[in-house]
Amino acid sequence: MPVLSALPFLKPAHLQGSRSSPGRQRRHTLPASEFRCLSPEDAVSVFEIEREAFISVSGDCPLHLDEIRHFLTLCPELSLGWFEEGRLVAFIIGSLWDQDRLSQAALTLHKPRGTAVHIHVLAVHRTFRQQGKGSILMWRYLQYLRCLPCARRAVLMCEDFLVPFYEKCGFEALGPCQVTVGALAFTEMRHEVRGHAFMRRNSGC
């Protein structure tokens, strides 16, 4: 059974606690809200959102289109997309890392035996910002990681102005990151993924 289908907190909201009625049939075919892992076929939609979100701020994207396809091919289970009526509105892409701190190689590598989930990017479509979707998606993603046997912690790097956002999501600032991109410097942040064994026993993971 896919992990996502086993977790009630990752099921679409309209399916939680609802039962189908023989006398009622839905006329639409797309779910109102859906959370699922991404695939290489989603890469273009992902890049369009990311490009608009990041280029206007920093002049570059954390992941370019070929890198998005790369990670969605190698480790799609470490991604999560939020879809509204079939349209991608927000996403997270991650990969595994096998060292205590991030290095320049972490930008492009997936280490299958790693225990740290490196969150490369979180982005929300411009028409859905200022609605709390980034925080909600991150919460769901961290809950999902608790059901992955490989995941012990989540790590990311961000610019200083984003540190308060990630602290509210439960991340701890570790100090300056070794990674630089052009003239940009980053703060490295970590979130310990606790209780994964308990979650697996009690959620069907």
Locate the shortest heavy-atom distance separating [X] from [Y]; write the atom from each residue and the value.
X	Y	result
Val181	Met157	CG2-CE, 4.5 Å
Ile119	Ala154	CD1-CB, 4.2 Å
Phe161	Pro164	O-CD, 3.6 Å
Glu84	Ala32	OE1-O, 2.6 Å
Ser103	Gln178	CB-OE1, 4.3 Å
Leu156	Leu102	C-CD1, 4.0 Å

Test item: [X] and [Y] side chains (from C-beta on) under 4.5 Å apart, heavy atoms:
X	Y	answer
Pro62	Phe54	yes
Leu80	Ile93	no
Ile92	Val121	no
Ser95	Leu109	no
Leu122	Met138	yes

Spatial distance of atom [atom1] ([X]) from atom [atom2] ([Y]) [nearest 0.5 Å]:
X	Y	atom1	atom2	value
Trp82	Ser33	CH2	OG	5.5 Å
Arg152	Thr115	CZ	OG1	7.0 Å
His125	Phe91	NE2	CZ	11.0 Å

Qualifying side chain to side chain donor-acceptor pair (under 3.5 Å) pairs, either residue in residues 160-171, two or more places apart
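Of all non-adjacent pairs touching residues 160-171, those that pass side chain to side chain donor-acceptor pair (under 3.5 Å) are Asp160-Thr187.
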Going by salt bridge (Lys or Arg N to Asp or Glu O under 4.0 Å), name the residues that satisfy it together with Arg101, two or more places apart in sequence or in a different chain.
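Arg101: salt bridge (Lys or Arg N to Asp or Glu O under 4.0 Å) contacts with Glu188.
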For Arg153, give me all partners under side chain to side chain donor-acceptor pair (under 3.5 Å), at least two apart in sequence or on another chain.
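In terms of side chain to side chain donor-acceptor pair (under 3.5 Å), with neighbours along the sequence ignored, Arg153 is linked to no residue.
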Listed once per pair and sorted, the salt bridge (Lys or Arg N to Asp or Glu O under 4.0 Å) pairs that draw on residues 117-133, sequence neighbours left out:
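For residues 117-133, and leaving out neighbouring residues, the salt bridge (Lys or Arg N to Asp or Glu O under 4.0 Å) pairs sorted by first residue read Glu52-Arg129.
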Which atom pairs, donor and acceptor, lie under 3.5 Å between side-chain atoms of residues 42-49 and protein residues at least two apart or in another chain?
unit_1 : atom_1 : unit_2 : atom_2 : d
Asp42  : OD1    : Arg36  : NH2    : 3.2
Asp42  : OD2    : Arg36  : NH1    : 3.0
Asp42  : OD2    : Ser39  : N      : 2.9
Asp42  : OD2    : Ser39  : OG     : 3.3

Show me the donor-acceptor pairs within less than 3.5 Å that the side chains of residues 63-77 make with the rest of the protein, sequence neighbours left out.
unit_1 : atom_1 : unit_2 : atom_2 : d
His64  : NE2    : Asp60  : OD1    : 3.3
Glu67  : OE1    : His64  : N      : 2.8
His70  : NE2    : Thr108 : O      : 3.4
Thr73  : OG1    : Arg69  : O      : 2.7

How far apart are the C-alpha atoms of Tyr144 and Cys37, what are their side-chain angles, what is the distance that settles it, and do they pass the side-chain contact (heavy atoms from CB on, under 4.5 Å) test?
CA-CA 11 Å; Tyr144 168 55; Cys37 293; 3.7 Å; yes
Of all residues at least two apart in sequence or in a different chain, which pass the side chain to side chain contact (heavy atoms under 4.5 Å, CB included) check with Gln104?
Leu107, Val179, Thr180
ring-ring contact (aromatic ring centres under 6.0 Å, His included) pairs, two or more places apart, involving residues 95-119
His118-His120
Geometric cation-pi criterion Arg190 and Phe171, 6.0 Å radius, 45° cone
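No, Arg190 and Phe171 do not form such a contact.
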hydrophobic_cluster_shared for Leu174 and Leu162, side chain cutoff 4.5 Å
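Looking at the clustering, Leu174 is in a separate group from Leu162.
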